Amino acid sequence: MDKFTVARTLDEIGRYLALTESNPFKSRAFDRAARAIEALDADVAKLVASGEIKNVSGIGKATAEIVAEIINTGSSTYLEELRAQFPPGIFDLLRIPKLGLKKIGQLYAELGIASIDALEEAARNGQIAKLKGFGPKTAQQILGGVEFARQRQSKFLLPRGIEAGERIRMLLADIAEIEDAEVSGSVRRRLEICRNVNIVVATKKLESVLAKLPDILDGLEMLDEQTAKGTTGRDIEVRLHFTTPAEFGAELLRTTGSEEFVSAFGKIPKGRTEQDVFEKRHIAFVEPERREDASELSRKKRVRLVQASDLRGTFHVHTTFSDGRNTMHEMLSAAKERGYEYVGISDHSKSAYYAGGLTEDRLREQHAEITAQEKAVKPMRVFRGTEADILGDGSIDYGPDTLRKFDFVIASVHSQFQMQKDQMTERILRALDDPSVTFLGHMTGRRLLTRDGYTFDYDRVFERAGERGVMIEINGNPQRLDIDWRLVKRALDRGVVFSIHPDAHSISEYNAMITGTWAARKAGLTKKEIFNARGLDEVAEFLAARRKNRTAGL
DNA sequence: GCCGTTTTCGGCCCGACTGTTTTCAGTCG
């Protein structure tokens, strides 16, 4: 039983209490207890056994008993009781924007609504507009939200596509009559949002393969003689393209797309591998990520795009000092295990109250903790940083004296997203003028399938970032993948350097370095344009020089 | 529900925004 299982149970209790309880602090107490459990460096079961669990701040009498029960039995009777009061799936309603737990609780209590379909019905027939605290505008908003959630349902983020594609491919590979199978389509192109998973299947015995497919995909149907469609997991559409081994490469190229690329490629000759097909046409191989349009087809030589293994270290890592779920010790150890030469810790700054941003006092504690831990991870170097809020007026959170203490500063917008374009542009430009700023964090602010980024003049920002030597982050969080790879060329032309960061809030989120690298490849970046593809000495020297300049007030 | 003490109740991470209100509640970050 690991601490995260315990924390998840407490979180779920907290979520149910937010539906039922009029006192919001009771629900929040469970959230806080969950965070307290996550922040433990010690083994939860041992703390329970010794009774020390009650000494953990945020864990009281009631939560200590629940934690003990989870450790001893694997579940919580309190949670089971709460679950029994509501239909399963009631939390699906959270997918509707502007619907939170309070309103969902009210909708269920007064109208028995526990599904998106029921919600839509009640919004249409006027029941919702009549509820206290709701009204015609809210009802209208909900209908828009239902539409939004449904549209989104048929799309999914890249990691789900990769996972589903690889799983199906392995199952297909177990079928004796299948000679080869490979994922193609937008997943292979590493597009951040996908609509379906395409897989090319090479076989000489289509009939017997088709007979075995119902074990692998649900709702199977043939779109034509060479194409089957079905679903997997939570309604991910999968398309299988059947071909012969002799034409496998050609079919892989054709179904990888994009349409624009394939059309510009022209006649596709037969070929067992894609490489064969490119060679027959005397075209230099174009990486799948770079096939969104025809622009790469004219190159004389294959470009070696940046790879995850080129990255020597990373920045933008959170810990339990702010809103991370793993401790400093755990995050540093995990970075070292990944073979990094350096890691830059950057918890939130003091204005980010909602994310547990660090006051100056907490910052001192954090630096002391780094000092205590960094010896253990040698020779990996630990850089002291912050993800500082760009405040509404463009100033950087923390005063100059505090900012001087950091090896690096990631400046990010976390508030007032709906600012007018001109004002937002000035805000970000002013932040770039601050000599303490090293990186511009998640530049567009987009959350894929959730919200668009904020509005500002990208080119003016690129121009200024280039002038000031501020690097732009490629945030690898699959929900962000920000800066959008489509914008990278424009920044590159103005001399901007990029850095691939995980924005990790837990050990497992270091995996965002891989998604981030895909985004960098999609943008056509090579390792010479990536800051954290440089070795420790070079990076340390760069940061030290920048720090010296800013101390001198240059 | 948890915490702290100027202990056994009153506060609980803050601010912008929106729609519902006529003074506030819920959501979002």
Side-chain angles (χ1 to χ4, degrees), chain A residues 9-11 13-37 53-67 76 78-79 82 93-107 109 123 128-145 148 318 320-323 347-359 361-362 387-393 397 412-420 423-424 427 441-442 444-447 450-454 477 479-480 482 503 505:
Chain A
T9 308
L10 293 170
D11 271 328
I13 292 172
R15 238 179 12 220
Y16 277 112
L17 290 176
L19 293 180
T20 55
E21 278 287 326
S22 52
N23 175 12
F25 297 105
K26 189 167 170 180
S27 157
R28 248 205 260 165
F30 279 86
D31 296 341
R32 292 186 61 180
R35 302 289 80 74
I37 294 290
I53 191 78
K54 290 193 204 74
N55 303 334
V56 176
S57 178
I59 304 288
K61 190 169 178 295
T63 44
E65 275 173 28
I66 291 168
V67 171
S76 154
Y78 187 41
L79 175 58
L82 287 165
L93 293 174
L94 284 171
R95 300 215 314 267
I96 311 296
K98 311 282 165 72
L99 268 196
L101 290 164
K102 203 79 200 171
K103 281 186 176 160
I104 291 170
Q106 189 188 353
L107 287 167
I128 285 182
K130 277 184 270 178
L131 288 184
K132 191 162 63 159
F134 288 71
K137 274 196 179 167
T138 305
Q140 203 54 42
Q141 232 177 31
I142 284 175
L143 282 177
F148 177 76
H318 296 270
T320 49
F321 272 91
S322 64
D323 60 349
D347 275 307
H348 286 282
S349 63
K350 64 178 174 181
S351 291
Y353 305 100
Y354 58 89
L358 272 53
T359 59
D361 282 347
R362 284 283 288 161
E387 184 184 14
D389 273 30
I390 299 175
L391 303 177
D393 64 357
D397 199 13
S412 305
V413 170
H414 285 122
S415 59
Q416 291 165 274
F417 300 131
Q418 57 303 301
M419 204 174 256
Q420 290 301 308
Q423 206 186 347
M424 186 62 103
R427 178 186 183 183
H442 46 70
T444 76
R446 69 179 184 177
R447 300 288 291 212
T450 303
R451 64 153 198 251
D452 293 333
Y454 13 92
N477 180 323
Q479 267 100 47
R480 293 189 182 272
D482 191 4
D503 197 354
H505 289 76

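The model shown is predicted, which means the values in this text are computed figures rather than measured ones. The sequence lines fix the lettering, A, B, ..., with proteins before strands; numbering per chain opens at 1.
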A:K54 atom NZ, neighbour heavy-atom count above 12 within 6.0 Å
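No, not enclosed.
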Would the number of heavy atoms belonging to other residues, nucleotides or ligands and lying under 6.0 Å from CZ of A:R32 be above 12?
no
Without swapping roles, check the side chain of [X] against the backbone of [Y] for a donor-acceptor pair under 3.5 Å.
{"X": "A:R446", "Y": "A:D482", "result": "no"}
{"X": "A:E387", "Y": "A:D503", "result": "no"}
{"X": "A:D397", "Y": "A:S351", "result": "yes"}
{"X": "A:S27", "Y": "A:G14", "result": "yes"}

Which whole number of Å gives the distance between the [atom1] atom of [N] and that of [M]?
{"N": "B:dG29", "M": "B:dT23", "atom1": "P", "answer": "30 Å"}
{"N": "B:dG11", "M": "B:dT5", "atom1": "C1'", "answer": "12 Å"}
{"N": "B:dA25", "M": "B:dC12", "atom1": "P", "answer": "15 Å"}
{"N": "B:dC17", "M": "B:dC13", "atom1": "P", "answer": "23 Å"}
{"N": "B:dT27", "M": "B:dT20", "atom1": "C1'", "answer": "13 Å"}
{"N": "B:dG1", "M": "B:dT6", "atom1": "P", "answer": "26 Å"}
{"N": "B:dC14", "M": "B:dT21", "atom1": "P", "answer": "28 Å"}
{"N": "B:dG15", "M": "B:dT22", "atom1": "C1'", "answer": "22 Å"}

Please check the phosphate of [N] (OP1 and OP2 only) for any side-chain N or O of [X] closer than 4.0 Å.
{"X": "A:Q418", "N": "B:dA16", "answer": "no"}
{"X": "A:Q141", "N": "B:dG19", "answer": "yes"}
{"X": "A:T138", "N": "B:dT20", "answer": "yes"}

Determine which nucleotide pairs with B:dC2, using a 3.5 Å limit on both distances of a Watson-Crick or G-U wobble pair.
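Matched B:dC2 with B:dG11 under the 3.5 Å cut-off.
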Nearest-neighbour nucleotide for the A:F30 side chain, B:dG1, B:dC13, B:dA16 considered
B:dG1
A:F25 stacking on B:dC12: centroids under 5.5 Å, ring planes under 30°?
yes
Per-nt protein contacts along nucleotides 21-29 of chain B (heavy atom under 4.0 Å; B base, S backbone sugar-phosphate only, - none) come out as -----SSSB
Per-nt protein contacts along nucleotides 2-11 of chain B (heavy atom under 4.0 Å; B base, S backbone sugar-phosphate only, - none) come out as SS--------
side-chain contact (heavy atoms from CB on, under 4.5 Å) between A:E65 and A:Y78, worked out:
CA-CA 11 Å; A:E65 275 173 28; A:Y78 187 41; over 6 Å; no
Over all atoms of both residues, closest heavy-atom pair of A:V413 and A:M424
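Looks like CG1-CE, 4.3 Å.
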I would like to know whether A:L99 and A:L107 meet side-chain contact (heavy atoms from CB on, under 4.5 Å); could you show each step before the answer?
CA-CA 10 Å; A:L99 268 196; A:L107 287 167; 4.1 Å; yes
